[in-house]
There are 2 protein chains.
Amino acid sequence: MRIGDLAARTGVSVRALRYYEEQGLLKANRSGSGQRHYPESVVDRVDLIQMLYAAGLSSRTIAELLPCVEAKVSTPESRARLFAERDRIDAQIAGLTRTRDRLDAVIASTGSPASGCTYIADRDVATQAGRPAAPPMTLR
Amino acid sequence: MRIGDLAARTGVSVRALRYYEEQGLLKANRSGSGQRHYPESVVDRVDLIQMLYAAGLSSRTIAELLPCVEAKVSTPESRARLFAERDRIDAQIAGLTRTRDRLDAVIASTGSPASGCTYIADRDVATQAGRPAAPPMTLR
DNA sequence: CTTGCCTCTGACGTCAACGTCAGGTTCTAG
DNA sequence: CTAGAACCTGACGTTGACGTCAGAGGCAAG
């Protein structure tokens, strides 16, 4: 599997994949001419990397945690890091939940035509109960 | 209330507050000599701005939503934006939850001394049920 | 063999949310 | 009144995760 294929499979740009390698997140088998070749397994690894980036981790942190996640090998430091990041993500979820609830409240107050709203809903406010199924998984 | 006081009250830097004003997120009453003075109410507004930044919104988006949130005034566009951002945050929470669960699984597998772990837990793995109370509210 | 697409290595560009420094004014405590 | 803290407006610096371009080589099809 060459880099273009991997890019297509993961939805990550070729540039990003080379960047990951530069950051020590990915290793590639090189052909005689220097071209990168990857085994199927890296698809999952790239997906995981994307998850961690989306969770706000830096390349450096990801590089520290990946051996721990994949090889199940951990040093005291990496374990501490693992706990710390897990907790940080928990806090982030909590904060996001508060933010979402705040937005829901705003939607409720400006959304109901009976509370001094300038316009009426122009979208399906009642798709379900105000919460349409979240799209696949954008995560930015 | 001057800008330094507001900074102290909100935990946001003076530079950031001036930046928010530059981006149209905050307005200040100017004294004759040009110094900014704020009413108490802006403290909440700054907190809200921080929440939205933490949720990954850009200044531009925040600027679009703030009138909607504060003055309860909405145009069809801003309402659409409101929904879109709420949904995006929902998706973000879902993704973060999956990421956290993945990390929890890793912790469980590398953490239990009975599964080929190199080191034993060096931290209070069992503070409660593996999930110590998340710190105040970092959110990055 | 050559055409066209893929790949390679630099290396500079980008963007947002500030940090930081310079040079000058203003407020306040003593 | 005077020192020192706080404030002002530019304006340039920073960081991370890439985008983009340049110039050169590699690879399968016809």
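Numbered from 1 within each chain, the chains take letters A, B, ... in sequence-line order. In this text the structure is predicted, and so the values were computed from the model without any measurement.
Taking only side-chain nitrogens and oxygens, A:Tyr19 never comes nearer than 4.0 Å to OP1 or OP2 of D:dC18. Between B:Ser33 and the phosphate of D:dC7, there is no side-chain N or O to OP1/OP2 separation shorter than 4.0 Å.
Distance, A:Leu6 CG to C:dC6 C1': 15 Å, rounded to whole Å. Nucleotide D:dC7 holds its P atom 15 Å from the CZ atom of B:Arg15, rounded to whole Å. Distance CD1 (B:Ile62) to C1' (C:dA16): 11 Å, rounded to an integer number of Å. Regarding A:His37, its NE2 atom lies at a distance of 15 Å from the P atom of C:dC6, rounded to whole Å. Atom CD of B:Glu22 is separated from atom C1' of D:dG10 by 10 Å (rounded to the nearest Å). Atom P of nucleotide D:dG16 and atom CD1 of A:Ile49 are separated by 17 Å, given to the nearest angstrom.
Among the nucleotides C:dC8, D:dC8, C:dA17, the one closest to any side-chain atom of B:Ser58 is C:dA17. Relative to the side chain of B:Arg18, the nucleotides C:dC18, D:dC8, D:dC18 differ in distance, and D:dC8 lies closest. Closest to the B:Tyr20 side chain, of the nucleotides D:dT9, C:dC18, D:dC27, is C:dC18. In this structure, the nucleotide among C:dG19, D:dG25, C:dA17 sitting nearest to the side chain of A:Gln35 is D:dG25.
Looking only at atom types and distance, the side chain of A:Arg30 has no donor-acceptor partner in the side chain of A:Gln35 under 3.5 Å away. Donor-acceptor pairing under 3.5 Å is recorded for the side chains of A:Tyr53 and A:Ser59.
A:Ser31 comes within contact range of no nucleotide atom at all, as no heavy-atom separation falls under 4.0 Å. Using a 4.0 Å heavy-atom cutoff across all strands shown, A:Arg2 reaches sugar-phosphate atoms only and no base atom. A:Arg30 comes within contact range of the sugar-phosphate backbone alone, with a heavy-atom separation under 4.0 Å but no base atom that close.
A salt bridge links A:Glu64 with A:Arg60; the closest basic N to acidic carboxylate O contact falls under 4.0 Å.
Within 3.5 Å, no donor on the side chain of A:Arg36 pairs with an acceptor on the base of C:dT7, nor the reverse.
Heavy-atom contacts from other residues, nucleotides or ligands closer than 6.0 Å to CZ of A:Arg81 number more than 12.
In this structure the side chain of B:Leu66 reaches within 4.5 angstrom of the side chain of B:Arg45, judged on heavy atoms.
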